[in-house]
Amino acid sequence: MADAAEIQGPSASPARRRLRRAGALLAGAPLLAGLLQLTAAEPAQAAPADSVSVALDSLTPSAPTEDDTLTVSGSVINNGRQSVTGAHVGLRVGPVLNTRSAIDGIAQHPDDLRGGAGDELSGKYTQKFGKLIPGVAEHFSISVPVDELDLGKDGVYSFGVSVSGKTSARPWDQMLGIERTFLPWQSSEADTKSRTTFMWPLISSVHMTARTGAGERQTPVFQDDELAREIAPGGRLAQMTDLGRDLDVTWVIDPDLLAAVDAMANGYRVQQPDGTSKAGSRENQDIAKQWLAGLQKAVADKEVVALPFADPDLASLAHTGTSVTGSLSHLKDATDVAALTVKTVLHVTPTTDFAWPVDGAVDPSIIKVATSAGADRVIARSDSLRESAGLPYTPSAARPIGGGTTAVVADARMSTAFEGDLTKADTSTLAVQQFLAQSLEANVQKDEQRSFVVAPQRTPTASQAQAMATAVKALQDGNWSQPETLTGAANAKPDPDATTRIPSTSAYPSSLRKQELPRSAFEQIADTQDKLDNFQVILTDQSRVVTPFGRAIDRGMSTSWRGQAAKADGFRTDVLSYLDNLGGQVKLIDKSETKLSGRSATIPVTVQNNLVQPVGHLYLRLSSTQPTRLKIAGKAYDEQPVEVSGGHSQSVKFTTSANANGRATVLAQLYTEDGQEYGDPVSFDVKVTEVTPTVMLVIGGGVLLLVLAGFRMYTQRKRAAARQAEEEGPDGAEADSADESGNPDDAGDRLPEESGSPAGAAGPDQPGDPAPDTAPESADPSGTGERVDR
């Protein structure tokens with residue numbers, strides 16, 4: 001049609017013009033039909049992944065130079081219902097990307113067919129497929145010399161792998177799918193190289209409990225065996241260690257991880273669902289030893305930054321913890337023990353003056369808390385500490401923010417490049433290329449050396465760690481960057497135009513705030529600390545309790561609890577209940593009612609110590625709730641020092657005196673030296689049943705009468721026997737006479753005066769009977785040493 005319209009010549013007759021128009025219409029009918037068909041097909045093309053998807057599994061080298069050969073491999077899969085014929089995979093080089101935002105745009109939609117794909121290389125560097133059957137993956141691998149890519153000036157190029165072909169619905173050659181990524185191009189050594197610090201985090205979740213096995217060794221008890229799986233060959237932490245060994249990175253380590261693995265290496269136990277624990281395997285002990293040995297080699301001659309013990313959640317402390325008394329003191333303790341732990345286990349001296357809030361998000365309160373324990377460098381991130389001056393380049397990481405504190409601002413784009421699921425080769429490859437592209441683009445922004453910091457996620461997965469290692473190695477082999485320590489980045493000359501303004505507390509991301517520890521968590525921690533302070537006073541070897549519980553308190557406010565509120569609460573509750581259980585091993589033995597059968601007596605109270613170690617610095621106070629009736633050592637209460645050996649009991653004796661009969665309640669309570677109550681009190685009743693002097697005289701008189709009566713009977717029988725012997729004579733005649741008369745001399749019935757019996761002893765109304773006891777009780781004390789029934 002266009003060609004017919006462009007024909008020049010003499011004017012034709014009307015009939016010929018009508019004939020020409022009709023011919024043009026007939027000739028354009030097929031083209032019009034094709035256009036209509038293409039228009040109808042456009043909605044289906046709007047969803048790029050509905051036809052053929054491309055997975056870019058490998059791109060090597062990641063940052064090629066002039067003499068390299070670029071090899072690209074991956075797979076294509078037909079997602080449609082129709083087979084694709086005449087298909088081929090080709091490479092496309094797009095234009096130079098001049099901004100970091102342009103890189104972001106492609107990274108967000110790498111498979112968008114409507115994006116700038118660039119021109120496809122010649123057919124020499126393609127791979128053809130006769131047919132792509134729906135649902136069947138086809139693999140490809142294409143190699144091309146870098147000089148064939150026709151790259152121009154240094155910079156980041158858009159690079160794509162596309163698949164083209166025909167379908168029965170669209171029977172012409174067309175691009176059906178694409179995967180776009182980046183090709184960093186620095187043909188030779190850059191005139192100005194940026195300095196890049198890559199933080200290599202060695203952090204895990206909480207594994208150790210406050211519990212220890214019985215006995216002197218105090219074998220630590222673990223929540224589970226997950227740590228053993230992480231450090232075993234192929235595990236996440238094992239790979240982090242192996243990969244980091246050959247990289248110029250700054251190791252950022254949680255000392256709690258080292259303490260846990262070291263404890264495992266020396267023998268450990270694993271908590272069971274029923275509350276008991278079982279011994280950890282010998283195999284896992286060997287794995288722990290091997291991992292520590294490998295880590296010691298990996299960090300040799302490298303910078304090691306030690307976080308506070310158990311990596312406390314600084315934002316939670318700042319936003320809720322500071323309202324609970326004593327919370328900040330735990331951060332100071334966690335910082336103090338960090339250096340000692342790392343040096344003991346790894347034999348290197350770490351740096352401890354860096355604080356790392358979650359995701360580098362900061363506000364004034366977080367900065368204040370982060371520096372309260374001595375850290376004067378806070379690792380922030382550029383999506384929190386945003387540039388407000390509209391700088392056309394990325395400034396250096398170091399920013400003085402006042403008070404002698406430096407904010408080390410990590411680059412958000414590079415730091416978040418390795419998040420998400422990187423288990424698939426194509427997503428890992430795209431992450432690596434995106435990271436390198438952002439690094440090179442930041443370097444070419446300005447002909448002045450700057451320092452950049454990369455702070456990835458705290459606990460990368462194994463696949464994420466592998467992608468990180470690939471990117472770091474490619475960066476170190478590249479021509480535009482050189483490695484630098486975190487300390488070096490913090491000490492670098494700051495950019496005077498870079499922002500130093502800390503965002504307000506209200507600007508803190510709500511998504512992060514929702515994951516923070518609640519106020520109740522810090523209240524529970526404070527309660528645990530109070531009980532620990534009270535308990536340790538009585539111990540002769542405080543380290544056996546203070547050390548494991550102090551570290552358990554640190555673990556209770558770890559950053560690793562974010563998003564796991566129920567587990568965090570369960571951990572803190574277990575720590576507190578176990579401390580209560582240990583404290584309860586030193587206690588008073590319950591007493592039943594005590595009978596006091598006299599004016600004064602000694603009451604024993606027993607203190608039991610079921611701990612392994614001796615206890616002391618305790619006082620036992622015995623108090624009378626009715627001192628007018630019963631006094632303790634002559635007053636309302638008395639107290640005595642207590643020292644009990646491990647696994648023993650001791651009775652403490654108190655002297656009591658009674659003023660009246662009846663019951664009196666007595667309260668026994670242990671106290672520490674500083675006057676704090678220790679344990680539960682024990683109360684018992686003392687029943688006073690004093691005997692009066694009159695009754696004692698009556699009883700004494702009765703006893704005397706019994707003695708005299710017995711003496712009388714004895715003398716009477718003796719005299720009777722003597723008389724009988726005299727009367728019988730030698731032949732016994734007197735005895736017969738007496739028997740015959742029927743009047744024997746029954747000496748037992750006689751009561752002669754000389755028998756010594758008291759007058760009137762035979763009759764009930766005789767003067768010898770005791771008078772009734774109606775006199776008032778005597779106030780004189782009874783004899784000491786009386787028995788007290790418990």
Side-chain angles (χ1 to χ4, degrees), residues 203-238 254-292 309-311 459 517 521 524-525 527-528 531-532 535 543-587 609-613 646-647:
I203 301 171
S204 186
S205 57
V206 172
H207 297 286
M208 292 180 68
T209 69
R211 299 176 181 272
T212 57
E216 292 291 338
R217 285 194 59 195
Q218 285 190 287
T219 305
V221 178
F222 283 60
Q223 294 185 102
D224 48 44
D225 247 339
E226 182 60 32
L227 180 59
R229 288 186 282 271
E230 285 196 292
I231 63 176
R236 185 184 72 85
L237 291 173
D254 175 10
D256 182 33
L257 171 62
L258 302 182
V261 180
D262 186 61
M264 179 179 289
N266 291 291
Y268 73 108
R269 301 186 67 82
V270 181
Q271 192 166 340
Q272 301 299 297
D274 61 358
T276 61
S277 64
K278 68 175 184 179
S281 70
R282 176 69 65 178
E283 179 184 1
N284 288 344
Q285 291 184 47
D286 294 338
I287 288 173
K289 294 176 182 178
Q290 294 170 5
W291 185 83
L292 285 177
F309 194 93
D311 188 20
T459 55
L517 302 178
Q524 195 173 32
I525 289 172
D527 187 22
T528 303
K531 291 185 176 182
L532 179 60
F535 182 37
S543 63
R544 288 180 58 87
V545 172
V546 173
T547 299
F549 276 99
R551 302 292 75 80
I553 289 174
D554 293 337
R555 297 182 187 108
M557 56 185 191
S558 172
T559 299
S560 65
W561 293 122
R562 282 191 168 238
Q564 303 183 73
K567 287 186 177 180
D569 182 70
F571 176 85
R572 291 187 297 270
T573 299
D574 182 71
V575 172
L576 183 57
S577 62
Y578 182 55
L579 180 59
D580 286 338
N581 177 268
L582 281 183
Q585 300 303 307
V586 179
K587 61 183 179 180
N609 174 22
N610 289 326
L611 297 175
V612 175
Q613 63 172 297

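Values below: all heavy atoms of this structure, side chains included; hydrogens, waters and symmetry mates excluded.
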Subject >> I231 and V261, any side-chain heavy atoms less than 4.5 Å apart >> reply: yes

Original post:
Taking atom CG of L227 and atom OG of S204, what is their separation to the nearest 0.5 Å?
Top reply: 6.0 Å

Original post:
Got L517 and R562 here, is their nearest side-chain heavy-atom distance under 4.5 Å?
Top reply: no

Original post:
Are L532 and I553 close enough that some pair of their side-chain heavy atoms sits under 4.5 Å apart?
Top reply: yes

Subject >> Residue pair R211 / S577: nearest heavy atoms and the distance that separates them >> reply: NH2-OG, 4.2 Å

Subject >> Side-chain donor or acceptor of S281 paired with backbone N/O of N284 under 3.5 Å >> reply: yes

Original post:
Which heavy atom in V206 sits nearest to a heavy atom in Q223, and how many Å separate them?
Top reply: O-NE2, 2.9 Å

Original post:
Hey, what do you get for CD (Q564) to OG (S558), rounding to the nearest 0.5 Å?
Top reply: 9.5 Å

**OP:** Would you indicate whether the side-chain heavy atoms of L611 and V586 approach each other to under 4.5 Å?
**Re:** yes

**OP:** Report yes or no: is the cationic atom of R551 (NZ for Lys, CZ for Arg) under 6.0 Å from the centre of the six-membered ring of F309, at an angle within 45° of the ring normal?
**Re:** yes

Subject >> Donor-acceptor contact below 3.5 Å, side chain T212 vs main chain P220 >> reply: no

Original post:
I203 and R236: which non-hydrogen atoms are nearest, and at how many Å?
Top reply: O-NH2, 2.8 Å

Subject >> Nearest-0.5 Å distance, CD1 of residue I525 to CG of residue D554 >> reply: 9.0 Å

Original post:
What are the two closest heavy atoms between A210 and P548, and how far apart are they?
Top reply: O-CB, 4.2 Å

**OP:** Say whether, by atom type as modelled, one donor and one acceptor occur between the side chain of T209 and the main chain of V221 under 3.5 angstrom.
**Re:** yes

**OP:** Answer yes or no: is there a donor N or O on one side and an acceptor on the other, between the side chain of Q272 and the main chain of V270, under 3.5 Å?
**Re:** yes

Original post:
Is the distance between the ring centroids of F549 and Y578 under 6.0 Å?
Top reply: yes

Original post:
With distance as the sole test, does W561 use its side chain to make a donor-acceptor pair with the main-chain N or O of R555 at under 3.5 Å?
Top reply: yes

Subject >> Gap separating the CG atom of L582 from the CG atom of N610, nearest 0.5 angstrom >> reply: 11.0 Å

Original post:
Is there a donor-acceptor pair under 3.5 Å between the side chain of N581 and the backbone N or O of Q585?
Top reply: no

Original post:
Where the side chain of W291 meets the backbone of L237, is there a donor-acceptor pair that is under 3.5 Å apart?
Top reply: yes

Subject >> Separation of R572 CZ from T528 OG1 (nearest 0.5 Å) >> reply: 9.5 Å

Original post:
Is any side-chain heavy atom of D224 closer than 4.5 Å to a side-chain heavy atom of Q271?
Top reply: no

Subject >> Residue pair Q218 / R544: nearest heavy atoms and the distance that separates them >> reply: NE2-O, 2.5 Å

Original post:
Any idea which heavy atoms bring D527 and L576 closest together, and the distance?
Top reply: OD2-CD2, 3.7 Å

Subject >> Inter-residue atom distance L258.CG - D262.CG, 0.5 Å rounding >> reply: 8.5 Å

Subject >> Intermediate values then yes/no, side-chain contact (heavy atoms from CB on, under 4.5 Å), Q524 and V575 >> reply: CA-CA 10 Å; Q524 195 173 32; V575 172; over 6 Å; no

